[in-house]
Amino acid sequence: MKTFLKRLWSLSKPYFVSADWRWAWGLLLAIVALNLGNVYLSVQFNEWYNEFYNSLQNYDKDAFSAELFRFSYLAASSIVMGVYSSYLNQMLQIRWRRWMTVDYIARWLDRKTYYRMQLAGNPADNPDQRIAEDISSFIEVTLNLSLGLLSSVVTLFSFLFILWNLSGDLTIPLGGGKIFVLPGYMVWVVLVYSILGTWITGKLGRPLVALNFDQQRYEADFRFSLVRFRENAESVAFYRGEEQEKSGFFARFSHVFENYWEIMKRNKKLSWFTSGYGQIAVIFPFLVAAPRYFAKQIPLGGLIQISSAFDHVRGSLSFIIDSYTSIANWRAVIQRLSGFMEGVQAVEAMAGDGAEMSRGENLAVSHLNVDLPNGEPLLKDFSLQSAKPAALLVQGPSGSGKSTLLRVLAGLWPFARGNVTLPKGEVLFIPQKPYLPLGTLRDALVYPGRMMVTDEVLQQELANCNLGHLSGRLAEVAPWSHILSLGEQQRIAFLRAMLVKPDVIFLDEATSALDEAGEIYFYKLLRQRLPQALIFSVGHRNTLQALHDHNIQLPKRAA
C-alpha cells in the first residue's frame with residue numbers, strides 16, 4: 001500500500017504545482033464545495049422524508065403541500081449542483097489531461113528517450129497506449145474515487161449522528177433478570193454489516209488488480225500487431241506470410257481471451273456477493289427497525305428516515321465494495337503509468353552516458369569504444385579525422401558496426417566512450433528508410449519543418465530529384481509511406497538535403513533502393529549543390545568507392 005500511495009502521489013502532484021496550478025486548485029476546490037453541498041442536501045432530504053411521510057400518515061394536507069414546496073427547491077438545488085459538479089469535473093479532467101499528455105510526450109521525445117527506451121529493452125511496453133489511454137483513465141478514476149471517498153466520509157459522519165439519534169436503545173435480556181442496553185443499536189448494526197461486506201469484497205476482488213494490468217498489456221500487444229501488419233502489408237504479401245501472421249494474431253488474441261475469461265469469472269464471484277449484499281441492504285434496515293415501529297415508538301416518517309440514514313451510512317462504509325472494480329482498474333493504470341515514468345527516468349539517468357560530443361572546425365573521432373547494449377564490444381579504439389569539404393565512405397562486413405557508428409556520431413548511442421567532434425553548422429542524417437509523417441506531401445518533403453520554402457521551389461526540387469510526377473500533389477493528404485516506393489522515398493530524402501543545405505551530411509545506406517545510375521546521379525548532385533559539405537556515407541556497394549574521397553574499412557567483429 002505504501003508503494004501504491006507513493007506512486008499515486010508522484011503521478012498526481014506535478015499538475016497541482018505546475019504553471020496551471022490556479023486552474024487546478026480552483027476547479028478542485030469548487031468541485032469539493034459542490035460535493036459537500038450535495039451531502040448537505042442529502043441530510044435535508046433525509047429530514048424531508050420524515051416530515052413528508054408523517055404528513056401522509058396524519059392526513060395533514062397543509063403539511064403535505066408545504067413539504068412538496070420544500071421538495072421543489074431542494075430538488076432544484078440538487079439539479080444545479082449536480083450539473084455544475086459534473087461540468088467542472090470534466091473541465092478539470094481535460095485540463096489535467098492536456099498538461100499531463102504534453103508533459104509525458106515532451107519527456108518521451110526529449111533527448112531521444114523514445115529511442116533509448118528501446119535500446120534499454122523497452123522497460124515500458126506500448127508507450128503509445130499509456131499516453132493515449134492510461135492518462136485519461138488515471139485522471140478520470142482518480143478524481144471520481146477521491147471525490148467519492150471525500151463525500152463518503154462526510155456523509156458517514158453526517159448520517160451517523162442522525163442514525164444514532166433515531167435508533168434509540170436496544171434492550172437485550174441476559175437472563176436472571178439482567179438486561180443489556182445497547183444505545184444507538186442501528187449504528188452498530190450498519191457498522192458490522194458494512195465492515196464485514198468490505199472485508200469479503202477485498203478477499204474476492206484482490207486478483208482483479210493483476211488481471212486488469214495484464215489485460216491492458218495483452219490488448220495493446222494485439223492492437224500493435226494489427227497496426228504493424230497494416231504498415232508492412234506489401235512485404236507480407238510478397239512473402240505470402242498470411243498464415244504465419246494469422247497464427248500470430250490468434251496467439252496474441254488468445255492471451256486477450258483467456259485473461260478476459262479469468263476477469264469474467266472473478267467478476268462473477270464478486271457480483272454474486274455485491275449484488276446480494278446490495279439487495280439485502282434494501283430491506284435490512286426495515287427488518288431491524290420494524291419492532292420499534294410496530295411498538296409505536298416511531299412513526300412512519302421516522303421509519304423511512306431511519307431507512308434513508310441507514311442506507312447513506314451503509315453506502316459510505318461500502319464505498320470500497322461499490323467501487324472495487326474501478327479501484328482494481330485504477331491500480332493497474334497507476335502501475336502502468338508509473339512503469340512508463342520509471343522507464344523514462346531510467347533512460348534519462350542513462351542519457352549522460354556515451355561519447356563526449358563537441359563542435360569544431362573539422363570532423364574528429366578519437367579513442368572511440370563502442371559496445372552493444374549487452375556490453376559486448378563492437379568497435380575498439382576507433383579514430384578518424386577529416387576536414388571539409390570531403391566525402392568519406394565507411395564499409396565493412398555486416399555486424400561490424402557501420403550503422404552503429406552513425407548512431408554514435410548522431411548522439412543516439414549511449415553505449416560508447418571516447419570523443420567526437422562534429423563540424424559546426426547544420427548536420428543532417430539520412431537513414432536507409434526515410435520517415436514520412438502523416439499529412440500532406442508538402443509536410444513530408446519539408447520534414448521536420450525547419451525550412452520555409454514556396455511551392456515553386458518544391459516543384460523545382462521534385463523535378464531535380466526525378467520526382468516531377470508528384471509536383472501537382474503537394475496539398476494532397478495520403479499515407480505517403482505506403483504510396484511511394486522505397487526508391488521514391490530515398491529520393492525525397494535527398495530532396496530534403498537540397499532544401500536544408502547541411503554543412504555535414506551522414507547517409508546510412510541511403511541509396512540502397514536506387515539503381516547504380518540513380519546512385520551516381522544523387523551523389524554527384526550532392527557534391528554539386530553542397531560543395532563545402534562533409535559527406536559521411538555507410539554502404540555496401542563497391543560502386544560507392546568511386547564517389548567518395550576516402551574509404552574506411554571496419555574489421556569484422558570477433559565471434
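Heavy atoms only: backbone and side chains are in, while hydrogens, waters and symmetry mates are out.
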Starting from the C-alpha separation in whole Å, work towards a yes-or-no answer on side-chain contact (heavy atoms from CB on, under 4.5 Å) for V32 and L150.
-> CA-CA 8 Å; V32 168; L150 174 64; 3.5 Å; yes
Assess whether side-chain contact (heavy atoms from CB on, under 4.5 Å) is satisfied between V344 and F340, documenting all intermediate values.
-> CA-CA 6 Å; V344 169; F340 174 78; 3.9 Å; yes
Report the C-alpha distance between W23 and W96 in whole Å, list the side-chain angles of each, state the deciding distance to 0.1 Å, and finish with yes or no for side-chain contact (heavy atoms from CB on, under 4.5 Å).
-> CA-CA 9 Å; W23 276 99; W96 190 354; over 6 Å; no
Kindly indicate, with the supporting measurements, whether the criterion side-chain contact (heavy atoms from CB on, under 4.5 Å) is fulfilled by W330 and T142.
-> CA-CA 7 Å; W330 183 50; T142 297; 2.8 Å; yes
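Minimum interatomic distance between A132 and R97 (heavy atoms only, all atoms of both residues): O-NH2, 3.0 Å. What you find for M357 and G411 is that their closest heavy atoms are CE-N, 4.3 Å. The two residues A475 and T440 make their nearest non-hydrogen contact at O-CG2, 3.6 Å. When all heavy atoms are compared, the tightest approach of N50 to N54 is OD1-ND2, 2.7 Å. Heavy-atom minimum distance, A309 versus F159: CA-CD2, 3.8 Å. Among all heavy-atom pairs drawn from Y15 and A24, the shortest one is CE2-CB, 3.2 Å.
Side chains of F52 and L68 form a contact here, defined as non-hydrogen atoms less than 4.5 Å apart. Counting heavy atoms from C-beta outward, T3 and R7 have side chains that approach closer than 4.5 Å. Under the 4.5 Å side-chain criterion, counting only non-hydrogen atoms from C-beta, Y218 is not in contact with F257. In this structure the side chain of F157 never reaches within 4.5 angstrom of the side chain of S316, judged on heavy atoms. Side-chain contact between I105 and I131 is present, with heavy atoms from C-beta onward closer than 4.5 Å. Side-chain contact between V39 and S158: present, with at least one pair of heavy atoms (C-beta onward) separated by less than 4.5 Å. With a 4.5 Å cut-off on side-chain heavy atoms, L270 and L208 count as touching. Between I31 and L147, the closest side-chain pair of non-hydrogen atoms falls below 4.5 Å.
Under the side chain to side chain contact (heavy atoms under 4.5 Å, CB included) rule, I135 has a single partner from E140, M100, R98, which is M100.
The side chain to side chain donor-acceptor pair (under 3.5 Å) search around K265 returns E262, not counting sequence neighbours.
Interatomic distance, CG of L438 versus CG of D443, reported as 9.5 Å (0.5 Å rounding). Here E245 contributes atom CD and L226 contributes atom CG; the two are 10.0 Å apart, rounded to the nearest 0.5 Å. Remark: L92 CG to W25 CH2 distance equals 10.5 Å, nearest 0.5 Å. In this structure, E342 CD and L337 CG are separated by 11.0 Å, a value rounded to the nearest 0.5 Å. The CH2 atom of W21 sits 13.0 Å away from the CG atom of L28 when rounded to the nearest 0.5 Å. Here Y40 contributes atom OH and L34 contributes atom CG; the two are 15.0 Å apart, rounded to the nearest 0.5 Å.
In this structure, the side chain of S308 does not engage the main chain of I304 through any donor-acceptor pair within 3.5 Å. Distance alone, capped at 3.5 Å, is enough to place a donor-acceptor pair between the S254 side chain and the A251 backbone. Here the side chain of W413 pairs no donor or acceptor atom with the backbone of L372 at under 3.5 angstrom. S275 places no side-chain N or O within 3.5 Å of a backbone atom of W272 that could act as its donor or acceptor partner. Formation of a donor-acceptor pair under 3.5 Å by the D103 side chain with backbone atoms of W99 is not found in this model. In this structure a side-chain-to-backbone donor-acceptor pair under 3.5 Å is present from Q215 to Y260. Remark: the backbone N or O of I334 is not paired with any side-chain donor or acceptor of D134 at under 3.5 angstrom.
Aromatic ring orientation, F249 versus F222: perpendicular (interplanar angle above 60°, classes split at 30° and 60°).
Taking a 6.0 Å sphere around CZ of F4, one finds it holds more than 12 heavy atoms contributed by other residues, nucleotides or ligands. Heavy-atom neighbours of F429 CZ from other residues, nucleotides or ligands within 6.0 Å: above the threshold of 12. Taking a 6.0 Å sphere around CD of E476, one finds it holds more than 12 heavy atoms contributed by other residues, nucleotides or ligands. Heavy atoms from other residues, nucleotides or ligands lying under 6.0 Å from OH of Y53 number 12 at most.
No hydrogens or angles considered: nothing links the side chains of D62 and S65 as a donor-acceptor pair under 3.5 Å. A donor and an acceptor atom, one from each side chain of Y104 and R130, are nowhere located under 3.5 Å apart.
Pairs engaging residues 31-44 under the salt bridge (charged side-chain N to carboxylate O under 4.0 Å, His left out) rule: none recorded [sequence neighbours left out]. For residues 145-166, the set of pairs meeting the salt bridge (charged side-chain N to carboxylate O under 4.0 Å, His left out) definition, not counting sequence neighbours, is empty. Applying the salt bridge (charged side-chain N to carboxylate O under 4.0 Å, His left out) definition to pairs two or more places apart or across chains, those involving residues 246-260 are E243-K246. A salt bridge (charged side-chain N to carboxylate O under 4.0 Å, His left out) check over residues 67-96, counting only residues at least two apart or in different chains, returns the pairs D20-R95, E47-R70, E67-R70.
Salt-bridge formation is not detected for the pair R107/D110: no Lys NZ or Arg NE/NH1/NH2 atom is positioned less than 4.0 Å from an Asp or Glu carboxylate oxygen. For the pair R336 and E133, the salt-bridge criterion is not met [side-chain N within less than 4.0 Å of a carboxylate O].
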With a cut-off of 3.5 Å and sequence neighbours excluded, list every side-chain donor-acceptor pair involving residues 71-90.
unit_1 : atom_1 : unit_2 : atom_2 : d
S72    : OG     : F69    : O      : 2.4
S77    : OG     : Y73    : O      : 2.8
N89    : OD1    : Q93    : NE2    : 2.6

